[in-house]
Novice: 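Before anything else, here's the structure in question.
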Amino acid sequence: MTLTPDIRTETAYDEMEALSVGALWRHLDNLFPGEPPARAVPFHWSYRALRPYMMHFADALSIEDAQRRVLMLVNPGMRDTSATVTGLYAGIQIILPGEQAQAHRHSANAFRYIIEGSGAYTTVSGERVHMNPGDLLLTPGWHWHDHYHEGEGPMTWLDGLDFPLVNSLDTAFFELYSDAAQKASVPDDLSSLQFIHGRLNPTWIGERTDASPIGNYPWAETERAFSAIAEHASGSEVDGISLEYTNPWTGGPVMPTMSCRVQRLVPGFHGVPRRHTAATILHVVRGEGRTVVNDQEFAWGEKDVLVVPSWASYRHVNDSMTDDAVLFAYSNEPVVKALGLYRDELV
Ligand code: GTQ
């Protein structure tokens, strides 16, 4: 006897699909994989290969037409979202002397890590923040920002954003500013002057934000930190002498969704392999080396970009016996940790 004589298994799956219903027992392996099957694949972008295209479009495409002249580094496994790795995006932006990139704001958090040139600034919520190679500039979510280049020669930088995460949560907002550029409303580089000392916060500023108030973490400070500890720190056996840029209010990551770090791999450094559930994007500040991700080896040189997806094992090597390698790294670790999803292990 059957309880529902008019339903037959052979046709039930299609009928249920028409009702927007699925049968869990047919999808268990996909939905509950034994371990993360990251859609993002390990990948490496050579700056030398990209630079001619950046220069071409600097010439062929006006900043007015482009709004933002950026080459997106799109992970081959995530083309539908333009993500570079899960939750994160990287792009290379180029701006020429006299150019102005239109003021706007978005709910996505953003930062810039400066690669080439000098003489440009980003105005963030009325503060002009000047850029030099190796500087990290923050534009936390919903802060107005626009870029202007008053120096000489092209300027390039790495844009890091969390828009793939923001978009996946259906929380994306965007607005153009009423003018092309904001007017400066506070002294230039004020937030860096006020906060960069880190252990001496200004007491008269009331609002303690969960994104760092610092507009620029200058390269000069990074170098000072590295040289101050050079004789004493051997660092981590996985990541070398890895320093995290911090929010002076919390001591935690610079923005709620992204942790930014800079790591020095001393001459001859051979990292121990490790994997974790945070997805990472690396940019080569200086030096040459290689990173083995799962079973693939990526040789990298100055200014290149590399991604290590969640749960991929990685180990860094600096083969030079004389020169440091320095990597800038950002990851979605704060998100993964906040949600209780962080795991890591040596492999
Ligand atoms: O400079 O504001 O690479 O809004 C992507 C989106 C840069 C920017 C990007 C952006 C920006």
Side-chain angles (χ1 to χ4, degrees), residues 42-52 54-55 71 73 84 90-94 111-120 130-138 151 153-160 192 196 216-245 254 258-271 280-293 297-308 314-331:
F43 203 77
H44 163 254
W45 288 266
S46 150
Y47 191 77
R48 195 180 305 157
L50 301 183
R51 198 171 184 279
M54 292 152 48
M55 293 302 156
L71 299 190
L73 307 185
T84 307
I92 310 274
Q93 182 154 176
I94 178 162
F111 67 77
R112 296 153 232 296
Y113 191 85
I114 312 308
I115 302 177
E116 283 188 55
S118 63
H130 288 85
M131 318 171 165
N132 286 293
D135 292 358
L136 172 69
L137 276 75
L138 304 187
M155 276 217 65
T156 69
W157 61 75
L158 177 79
D159 284 318
S192 300
I196 201 64
N216 185 358
Y217 295 75
W219 174 252
E221 291 290 330
T222 305
E223 268 202 319
R224 259 160 43 100
F226 278 138
S227 63
I229 57 178
E231 302 303 319
H232 311 289
S234 52
S236 127
E237 56 181 3
V238 175
D239 289 311
I241 301 168
S242 172
L243 306 176
E244 184 177 24
Y245 298 88
V254 287
M258 294 187 276
S259 167
C260 294
R261 299 179 184 180
V262 60
Q263 54 191 98
R264 173 173 170 231
L265 309 178
V266 296
F269 180 82
H270 271 69
T280 309
I281 299 176
L282 299 149
H283 160 71
V284 183
V285 180
R286 65 171 61 150
E288 289 175 5
R290 54 198 167 92
T291 298
V292 181
V293 187
E297 179 166 304
F298 297 95
W300 37 258
E302 222 166 84
K303 306 180 173 60
D304 291 356
V305 176
L306 180 76
V307 294
V308 179
Y314 66 94
R315 63 185 175 86
H316 299 308
V317 180
N318 176 6
D319 286 311
S320 171
M321 294 317 287
T322 49
D323 295 330
D324 282 348
V326 176
L327 303 175
F328 171 79
Y330 62 111
S331 80

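Hydrogens, waters and symmetry mates play no part in the numbers below; they use all other heavy atoms, side chains included.
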Novice: State, to 0.1 Å, how close Asp135 and Trp219 come at their nearest heavy-atom pair, and which atoms those are.
Specialist: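 Taking every non-hydrogen atom into account, OD1-N, 2.8 Å.
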
Novice: Which heavy atom of Ala329 sits nearest a heavy atom of Gln263, and at what distance?
Specialist: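 It is CB-OE1, 3.8 Å.
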
Novice: Given Asn318 and Val266, is the side chain to side chain contact (heavy atoms under 4.5 Å, CB included) satisfied, shown in steps?
Specialist: CA-CA 7 Å; Asn318 176 6; Val266 296; 5.9 Å; no

Novice: Using every non-hydrogen atom in the two residues, find where Val254 and Cys260 come nearest and quote the distance to one decimal.
Specialist: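 Nearest pair, atom of Val254 first, then Cys260: CG2-SG, 3.9 Å.
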
Novice: Could you give me the CA-CA distance, side-chain angles and deciding distance for His283 and Ile281, then say whether side chain to side chain contact (heavy atoms under 4.5 Å, CB included) is met?
Specialist: CA-CA 7 Å; His283 160 71; Ile281 299 176; 6.0 Å; no

Novice: Nearest 0.5 angstrom please: Phe298 CZ to Ser46 OG, how far?
Specialist: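 Answer for the CZ-OG pair, Phe298 versus Ser46, is 13.0 Å.
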
Novice: Please report the closest heavy-atom contact between Ser259 and Glu244, naming both atoms and the distance.
Specialist: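 So the minimum-distance heavy-atom pair works out to OG-OE2, 2.8 Å.
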
Novice: Output the distance between atom CG (Leu137) and atom CG (Asp159), rounded to the nearest 0.5 Å.
Specialist: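 So the gap between those two atoms works out to 10.5 Å.
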
Novice: Roughly how far, to the nearest 0.5 Å, is the CG atom of Asp239 from the CG atom of Leu327?
Specialist: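 With rounding to 0.5 Å, CG (Leu327) is 9.0 Å from CG (Asp239).
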
Novice: In Å, rounded to the nearest 0.5 Å, how long is the span from CZ of Arg48 to NZ of Lys303?
Specialist: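 It comes to 10.5 Å.
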
Novice: Before giving the answer on side chain to side chain contact (heavy atoms under 4.5 Å, CB included), spell out for Ile92 and Leu158 the whole-Å C-alpha distance, their side-chain angles and the decisive distance to 0.1 Å.
Specialist: CA-CA 5 Å; Ile92 310 274; Leu158 177 79; 4.1 Å; yes

Novice: Between Trp300 and Leu282, is a side chain to side chain contact (heavy atoms under 4.5 Å, CB included) present by the stated rule, with each step listed?
Specialist: CA-CA 10 Å; Trp300 37 258; Leu282 299 149; over 6 Å; no

Novice: Nearest 0.5 Å, what's the CD1-NE2 distance between Ile114 and His130?
Specialist: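 Output value for this atom pair is 12.0 Å.
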
Novice: Indicate the atoms forming the closest heavy-atom contact of Ser242 with Arg261, along with that distance.
Specialist: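 Looking at all heavy atoms of both residues, the shortest contact is OG-CD, 3.9 Å.
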
Novice: Are the side chains of Leu50 and Val305 in touch, meaning some heavy atoms are under 4.5 Å apart?
Specialist: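 No; the side chains remain at least 4.5 Å from each other.
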
Novice: State whether the number of non-hydrogen atoms from other residues, nucleotides or ligands found under 6.0 Å of Arg290 atom CZ is greater than 12.
Specialist: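 Yes, enclosed.
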
Novice: Would you please name every residue forming a ring-ring contact (aromatic ring centres under 6.0 Å, His included) with Tyr217, sequence neighbours left out?
Specialist: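 Tyr217 satisfies ring-ring contact (aromatic ring centres under 6.0 Å, His included) with Tyr245 only.
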
Novice: Using 0.5 Å steps for rounding, measure from the NE2 atom of His44 to the CD atom of Glu297.
Specialist: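 Reported to 0.5 Å precision, the distance equals 11.5 Å.
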
Novice: Taking the side chain as everything from C-beta on, heavy atoms only, tell me whether Leu243 gets closer than 4.5 Å to Ile229.
Specialist: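 Heavy-atom side-chain distance check passes, below 4.5 Å.
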
Novice: Within a strict 4.5 Å, meaning less than it, do heavy atoms of the Asp319 and His270 side chains meet?
Specialist: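 Asp319 reaches His270 side chain to side chain.
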
Novice: Which of parallel (below 30°), tilted (30 to 60°) and perpendicular (above 60°) describes Tyr113 and Phe328?
Specialist: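 Answer is parallel, since the angle falls under 30°.
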
Novice: Are Val307 and Trp45 side-chain neighbours, meaning at least one heavy-atom pair lies under 4.5 Å?
Specialist: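 Touching, per the 4.5 Å side-chain cut-off.
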
Novice: Can Thr156 and Tyr47 be said to form a side chain to side chain donor-acceptor pair (under 3.5 Å), step by step?
Specialist: CA-CA 11 Å; Thr156 69; Tyr47 191 77; 2.9 Å; yes

Novice: Where do Pro218 and Ile196 come nearest, in terms of heavy atoms and distance?
Specialist: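 Looking at all heavy atoms of both residues, the closest pair is CD-CD1, 3.9 Å.
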
Novice: Holding to salt bridge (Lys or Arg N to Asp or Glu O under 4.0 Å), I want the full list of residues that pass it with Glu116, two or more places apart in sequence or in another chain.
Specialist: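 Partners of Glu116 under the salt bridge (Lys or Arg N to Asp or Glu O under 4.0 Å) test: Arg51.
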
